[in-house]
Each structure stands twice: as structure tokens, then as C-alpha cells.
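Contents: one structure, followed by commentary.
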Amino acid sequence: MKALVIQGGFGLDNLAVTDHPDPVPGPGQVVVRVRAASLNYRDLMIAKGQYNPRMPLPRVLGSDGAGEVAAVGAGVTRWAVGDRVAGCFFQNWAGGPVTEAATKGALGGDRDGMIAELALLEEGGLVPVPGGLTFEEAATLPCAAVTAWHALTAGGCGPGKTVLLLGTGGVSVFALQLAKAMGARALITSGSDAKLARALELGADAGTNYKADPDWDKWVRSQTGGEGVDLVVEVGGAGTLERSARAARVGGFVALIGVLAGGGGFNPMGVLMRSLTLRGIFVGSRAMFEDLNRLIAGEGLKPVIDRTFPLAEAPEAMRYLESGSHFGKVVVNVE
Ligand SMILES: NC(=O)c1ccc[n+]([C@@H]2O[C@H](COP(=O)([O-])OP(=O)(O)OC[C@H]3O[C@@H](n4cnc5c(N)ncnc54)[C@H](OP(=O)(O)O)[C@@H]3O)[C@@H](O)[C@H]2O)c1
């Protein structure tokens with residue numbers, strides 16, 4: 001089969017769409033004929049050796065994909081050939097609280113991933129494609145949408161709450177769509193006025209350009225009667241965390257998710273003086289994915305796909321993601 005593989009060393013120059021052995025399902029395993037995959041910032045970090053510099057190579061990239069069950073191993077009862085499925089980021093986290101074991105077995109990192117014609121998954125590491133979604137749309141969900149859902153539900157998002165979203169990448173655009181579907185007010189930042197306009201069209205209540213307005217935490221407080229937001233979906237990391245803490249209300253919740261804005265020190269004074277809850281979020285379980293899919297199907301939500309590349313151009317798709325010019329998700333079509 002063809003797959004997007006990192007081999008011979010880390011770095012985007014070592015990415016290639018190349019032949020890779022076809023997977024064979026063992027007991028309790030399923031092989032999926034992937035129809036579409038999607039890219040995440042994590043894939044860039046993995047390819048550059050920033051995620052796990054000791055990861056053995058070669059490795060098929062990609063945590064996110066959807067397709068049809070092509071073969072099942074002995075003892076598989078949950079799935080039959082032809083089922084329309086999406087893979088779960090963590091193959092061994094069916095539900096319940098996160099554990100050390102649950103966060104092992106991540107696709108496209110701990111084991112081969114989904115940017116491939118065929119993918120080997122565990123029987124418990126799949127969900128049905130939500131009704132109404134194409135394979136390309138379903139392929140956007142496993143990492144970014146599940147993470148956004150986990151953050152919003154953990155932070156008590158709902159009617160009467162105000163959430164802050166940083167930038168307009170995959171996680172933040174899903175968080176915008178989901179927060180609005182959950183009845184919350186959504187504030188968003190972006191480095192691009194054109195992307196802010198798109199976010200407003202998608203339902204954001206207000207936005208500001210963090211490049212033109214580096215004191216965006218003050219803007220956030222001005223939008224909330226001086227109090228700050230209930231919940232921050234924090235994808236910037238060290239470079240934004242202090243401002244995010246200042247943008248949250250006393251007693252607010254900051255979901256720590258990403259590392260997009262490198263650098264910056266972090267002074268914890270704001271966190272303790274504002275009595276904030278800082279909570280690390282690491283994607284989520286299959287049960288969270290299933291809950292998310294019920295909301296997607298019920299609300300008729302459609303993931304925002306910025307651009308689709310054919311599998312043969314997957315390395316170019318990675319460079320496009322790296323450029324940060326996208327809004328929402330970048331997809332690889334594996335038809
Ligand atoms: N913890 C987890 O389980 C988990 C899961 C998924 C993702 N993540 C992490 O979350 C982050 C986002 O992932 P993603 O896949 O959504 O990334 P992405 O799609 O590549 O997001 C890129 C966008 O982020 C925005 N951005 C970049 N620098 C920014 C800054 N300084 N302040 C605000 N926004 C900034 C830009 O939006 P504008 O052009 O609009 O400014 C950029 O287009 C990454 O660090 C990723 O590793 C973590």
C-alpha cells in the first residue's frame with residue numbers, strides 16, 4: 001500500500017508517500033481501507049522529532065482518518081467488512097478517566113497511523129462515521145474535534161457561559177462550532193482579519209486580531225463587563241498562557257491544549273490570585289468521541305475543511321499546514 005511515511009531521520013524533508021507493507025489483522029484487530037485522513041499540528045511536531053525524538057522510524061503518520069472496514073481479525077464482533085468508521089486517536093482508551101495505559105497506542109505516533117491506503121486498528125479503537133458526514137468530514141474529527149469537545153465539556157461550557165478561542169486552526173474552529181451548538185457565547189482571536197470575518201460568519205460573537213491587538217486579554221475583559229471569560233481553550237501554550245489567565249474570570253477554567261505560540265515565561269501569580277482551574281487535556285476517549293458524534297448528528301454540524309490534497313501530495317499538505325494559512329482543517333483524500 002501507499003502511505004505517508006517519515007523515514008531515515010526527522011524533518012519534513014524526510015517525508016515521502018511510499019510503499020509500506022499491507023497490515024494484516026491479528027485477533028481483535030481491524031484493517032480499514034482509508035478514504036480520507038486529516039492533518040494536525042501534532043503531525044508536524046512528530047515529523048520534526050519535536051514530539052517524541054525516540055520514536056522508531058519508519059512510521060506512517062496521521063492520527064486521523066475515516067474509511068471502510070476491509071478485514072477483521074479473529075474474535076472481532078463490533079465490526080463487519082464494509083462498515084463506515086473513523087479511528088480513535090488513542091486505540092486503548094474506551095472510556096472512563098484517563099490513565100497511563102489509556103494514553104499509549106496513539107495513532108501516527110506510538111503506532112502506524114491513518115495517512116495510508118490501509119490502517120491497522122484495535123476493535124475498540126473505532127467509531128461509526130456520524131450520519132450525514134462524508135469520509136473527508138469524518139476524517140477531521142478524531143484529534144481536533146474530540147479535543148475541543150473534551151475541553152468544553154470539562155470546562156462546563158453551556159448556555160450563559162462565555163468561552164475564548166485562540167486562532168482559527170483545527171481545534172479552535174471546532175471549539176467555536178461546538179461552543180455555539182452548546183449555547184455559549186464565543187470570543188475568538190486570529191492573526192488575520194479575513195479569518196476573523198470567517199469566524200464571525202461561523203457564529204463567533206466577537207473577535208480581535210492578536211497581531212494588531214497584542215493586549216487581547218484586555219479586549220476579552222472589555223467584552224465581558226470587565227470580568228473575563230468562563231473558559232479558555234488554550235492552544236498557544238507558553239507564549240499565550242499568561243494572557244489567557246488574565247482573560248479568564250475569577251474562578252474560571254483554562255483548558256491547556258497546545259503549544260502553538262512558543263517561548264514566553266509563565267508567571268503563576270494570575271492563576272492563584274484569580275483562583276483559576278488549569279487542566280491539561282489530551283485528546284479524549286472513544287466514549288467522548290461517541291458523545292461528540294451524537295451532538296454532530298443531532299445538530300447537523302459540518303466540519304470546516306479548508307483544503308483537500310490527494311495522497312500523492314501529502315508532503316505538500318504538511319507544508320501547507322505548517323504555513324498556518326488554513327482556517328479549520330486540512331484533509332488528505334486517499335480514494
Ligand atoms: N492536547 C491535545 O490533546 C491536543 C490535541 C490537538 C491539538 N493540540 C495542540 O493544539 C494546538 C493547535 O492544534 P491544531 O491542530 O488546531 O493547529 P493548527 O490547525 O495548525 O492551528 C494553526 C493556527 O493556530 C493559530 N495560531 C498560531 N499561533 C498563534 C498564536 N500565537 N496565538 C493564537 N493563535 C495562534 C493560527 O491561527 P490564525 O491564523 O487565525 O491566527 C494558525 O493558523 C497545537 O499546539 C497542537 O499540538 C493538542
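The model shown is predicted, which means the values in this text are computed figures rather than measured ones. Quick note: numbers below take in every heavy atom, side chains included, and nothing from hydrogens, waters or symmetry partners. All ligand and atom numbering here is 1-based and tracks the order in the structure. Positions are given from 1, in the same order as the sequence printed here.
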Output, or 'none' if empty, a list of ligand 1-protein atom pairs in which both atoms are N or O and the distance is under 3.5 Å, rounded to 0.1 Å.
unit_1   : atom_1 : unit_2 : atom_2 : d
ligand 1 : 1 (N)  : I257   : O      : 3.0
ligand 1 : 1 (N)  : I281   : O      : 2.7
ligand 1 : 3 (O)  : I281   : O      : 3.4
ligand 1 : 3 (O)  : V283   : N      : 2.7
ligand 1 : 15 (O) : Y41    : N      : 3.2
ligand 1 : 16 (O) : G170   : N      : 3.1
ligand 1 : 16 (O) : V171   : N      : 2.8
ligand 1 : 19 (O) : G170   : N      : 2.9
ligand 1 : 19 (O) : H326   : NE2    : 2.8
ligand 1 : 20 (O) : H326   : NE2    : 3.4
ligand 1 : 37 (O) : T168   : N      : 3.2
ligand 1 : 39 (O) : K195   : NZ     : 2.8
ligand 1 : 40 (O) : T168   : N      : 3.1
ligand 1 : 40 (O) : T168   : OG1    : 2.6
ligand 1 : 40 (O) : S190   : OG     : 2.6
ligand 1 : 41 (O) : G191   : N      : 2.8
ligand 1 : 41 (O) : Y210   : OH     : 2.5
ligand 1 : 43 (O) : K195   : NZ     : 3.4
ligand 1 : 43 (O) : G324   : O      : 3.1
ligand 1 : 45 (O) : V259   : N      : 2.8

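Figure legend: cation-pi geometry between R42 and Y51, with NZ or CZ positioned under 6.0 Å from the six-membered ring centre and within 45° of its axis.
Of the charged side-chain nitrogens involved, at least one lies within less than 4.0 Å of a carboxylate oxygen, so that D19 and K2 count as a salt-bridged pair. Ion pairing between a basic and an acidic side chain is recognised when a charged N comes within 4.0 Å of a carboxylate O; R294 and E290 show no such pairing.
Applying the side-chain hydrogen bond (donor to acceptor under 3.5 Å, both in side chains) definition to pairs two or more places apart or across chains, those involving residues 95-108 are E100-K104.
With hydrogens and angles disregarded, a donor-acceptor distance shorter than 3.5 Å links the side chain of S38 to the backbone of A139.
Exactly one residue among R274, R249, R246 makes a salt bridge (charged side-chain N to carboxylate O under 4.0 Å, His left out) with D217. That residue is R246.
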